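Predicted model, so just to flag it, every value in this text is computed and none were measured. Note that these values count all heavy atoms, side chains included, but never hydrogens, waters or copies made by symmetry.
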Amino acid sequence: MFALANKESPSTAASAKLAAKVLPFSGKHGSRIDFRRAALTALRNVVPPFVVLALILLVWQVLCSSADASLPSPHRVWQDSYDLIAYPFFNYGSQDIGLGWRVLVSLQRVLYGFGLAAVTGVVVGAIIGQSVWAMRGLDPIFQVLRTVPPLAWLPLSLAAFQDSNPSAIFVIFITSIWPVIINTAVGVRNIPQDYRNVAEVLRLNQFEFFWKIMLPSAAPYIFTGLRIGVGLSWLAIVAAEMLTGGVGIGFFIWDAWNSSRLPDIIVALAYIGIVGFALDKLVAALGKLITRGAMAN
């Protein structure tokens with residue numbers, strides 16, 4: 001009987017073998033579907049801009065191909081400014097350098113000015129969002145100051161710092177700080193009351209409340225302000241460098257205008273647009289990573 005009890009029936013053994021054959025799962029089919037979906041998504045995002053760009057270049061070439069055209073055609077830009085396009089990092093002297101080096105100089109100034117604006121804006125915005133009296137006292141002043149154009153601050157900064165480099169950094173700072181302050185204050189004011197109640201129950205001090213409750217809750221609003229601020233920073237540095245000089249991309253445009261090098265100006269504008277787009281996407285990606293995709297509208 002013991003031997004019979006340990007024997008398996010033919011049907012049971014066959015079922016076990018069939019189950020053993022069915023259980024293993026290969027992920028190749030799933031990865032193939034994911035790869036195809038990623039390729040289709042990339043095509044949907046990449047092909048339309050390139051088609052629109054090709055149409056723009058075509059219309060531009062047709063309109064500016066005549067000899068009496070006031071603007072150079074794309075073909076002429078490619079011929080006259082080939083070195084700037086193909087070799088962005090050449091260096092033949094103090095002012096005879098590629099646009100890549102000039103962009104890096106401008107980005108360094110943006111890093112200093114925007115970094116100071118980000119830190120100061122988050123702190124001041126948190127204070128305004130937490131304090132009703134601070135909001136009533138400072139918000140009207142900030143609303144007035146934020147409407148001042150960036151270049152209007154340049155004469156005051158030159159008089160104060162007596163140097164073009166810190167003056168340009170100050171212009172970046174004073175231009176980009178306002179959206180950071182305003183969005184941070186809005187985010188702090190929108191912190192759910194339940195979070196504040198939890199902070200009171202846990203008896204968190206001001207620093208712990210700022211670090212553990214306020215920053216995570218207001219992070220989507222903060223990064224929205226940072227995204228706006230970094231775009232304003234890039235706009236401000238190009239405008240400021242046109243007047244302060246140096247080796248930045250802004251001064252290159254002004255110098256090219258004085259020398260009637262319109263193709264070089266168009267190439268520089270393309271560099272500015274691409275770098276500004278990259279800065280915006282970089283801050284947006286960082287915000288999505290930190291806030292886990294919960295960006296504020």
| Quick one: does His75's side chain get under 4.5 Å of Trp78's, heavy atoms only? | no

| Distance (rounded to the nearest 0.5 Å) between Asp255 CG and Ile265 CD1 | 9.5 Å

| said: Nearest 0.5 Å, please: how far is CD in Glu208 from CE in Met214? | reply: 12.5 Å

| salt bridge (Lys or Arg N to Asp or Glu O under 4.0 Å) partners for Asp163, two or more places apart | none

| field | Val275 with Ile169, same ILVMFWY side-chain cluster at under 4.5 Å | value | no

| query | Is Val103 linked to Ile172 within one hydrophobic cluster, defined over Ile, Leu, Val, Met, Phe, Trp and Tyr using a side-chain heavy-atom separation of less than 4.5 Å? | reply | yes

| field | Smallest separation among heavy atoms of Thr184 and Ala126, with atom names | value | CG2-N, 3.7 Å

| said: On a heavy-atom basis, which atom in Pro216 and which in Pro220 lie closest, and how many Å separate them? | reply: O-CD, 4.1 Å

| field | Exercise: identify the closest heavy-atom pair between Gly129 and Arg189 | value | O-CG, 3.5 Å

| Would you say the side-chain atoms of Gln130 pair up with the backbone N or O of Val188, donor to acceptor, closer than 3.5 Å? | no

| query | Just how far is it from atom NZ of Lys212 to atom CG of Asn205, taken to the nearest 0.5 Å? | reply | 8.5 Å

| message | Rounded at 0.5 Å granularity, tell me how far CD1 in Ile213 sits from CG in Leu202. | response | 7.5 Å

| request: Could you tell me the separation between the CH2 atom of Trp153 and the CD1 atom of Ile174, rounded to the nearest 0.5 Å? | output: 4.5 Å

What side-chain donor-acceptor pairs closer than 3.5 Å can you find for residues 111-125, not counting sequence neighbours?
{"unit_1": "Tyr112", "atom_1": "OH", "unit_2": "Gln108", "atom_2": "NE2", "d": "3.4"}
{"unit_1": "Thr120", "atom_1": "OG1", "unit_2": "Leu116", "atom_2": "O", "d": "2.9"}

| message | Count I, L, V, M, F, W, Y as connected when their side-chain heavy atoms are under 4.5 Å apart, and connections chain through other members. Are Leu282 and Ile237 then in the same cluster? | response | no

| query | Do Ile228 and Leu226 belong together in a cluster built from hydrophobic side chains that touch within less than 4.5 Å? | reply | no

| Distance only, no hydrogens: is a donor on one side chain within 3.5 Å (strictly under) of an acceptor on the other, for Ser164 and Thr244? | no

| task | Please report the closest heavy-atom contact between Gly250 and Met242, naming both atoms and the distance. | result | O-CG, 3.3 Å

| Phe90 atom CZ, neighbour heavy-atom count above 12 within 6.0 Å | yes

| request: Please determine which of Val110, Leu269, Ile249 meets the side chain to side chain contact (heavy atoms under 4.5 Å, CB included) test together with Val238. | output: Ile249

| Can you tell me if Asn197 uses its side chain to pair, donor with acceptor, with the backbone of Gln193 under 3.5 Å? | yes

| query | Are any side-chain N or O atoms of Asn190 and backbone N or O atoms of Val186, one a donor and one an acceptor, separated by less than 3.5 Å? | reply | yes

| field | ring pair (Phe, Tyr, Trp, His ring centres under 6.0 Å) against Phe142, all qualifying residues, sequence neighbours excluded | value | Trp178

| More than 12 heavy atoms of other groups within 6.0 Å of Phe277 CZ | no

| task | State, with a plain yes or no, whether a side-chain heavy atom of Arg261 is found less than 4.5 Å away from one of Phe252. | result | yes

| task | Of all the heavy-atom pairs spanning Ser167 and Ser157, show the shortest one and how long it is. | result | OG-O, 3.1 Å

| task | Determine the minimum heavy-atom distance between Ala240 and Val171, stating which atoms define it. | result | CB-CG1, 4.4 Å

| query | Same hydrophobic cluster for Val230 and Ile272, using side-chain heavy-atom links shorter than 4.5 Å among ILVMFWY? | reply | yes

| Are there more than 12 heavy atoms of other residues, nucleotides or ligands under 6.0 Å from atom CH2 of Trp60? | yes

| task | With rounding to the nearest 0.5 Å, note down the distance linking CG in Asp264 to CG in Leu99. | result | 7.5 Å

| query | side-chain contact (heavy atoms from CB on, under 4.5 Å) between Gln61 and Leu57: does it pass, once the steps are laid out? | reply | CA-CA 6 Å; Gln61 179 67 35; Leu57 292 176; over 6 Å; no

| message | Are the side chains of Leu71 and Ile266 in contact, using a 4.5 Å heavy-atom criterion? | response | no

| said: Distance to the ring centre below 6.0 angstrom and angle to the axis at most 45 degrees; does that hold for Arg102 and Phe251? | reply: no

| field | Minimum side-chain heavy-atom gap Tyr271-Val267 below 4.5 Å | value | yes

| Test item: Ser73 side-chain N/O and Ser65 main-chain N/O as donor-acceptor pair under 3.5 Å | no

| query | Heavy atoms, side chains only, cut-off 4.5 Å: are Phe223 and Asn183 in contact? | reply | no

| Tyr87, OH: over 12 other non-hydrogen atoms inside 6.0 angstrom | no

| task | Would you mind reporting whether Ile182 and Pro179 have side-chain heavy atoms less than 4.5 Å apart? | result | no

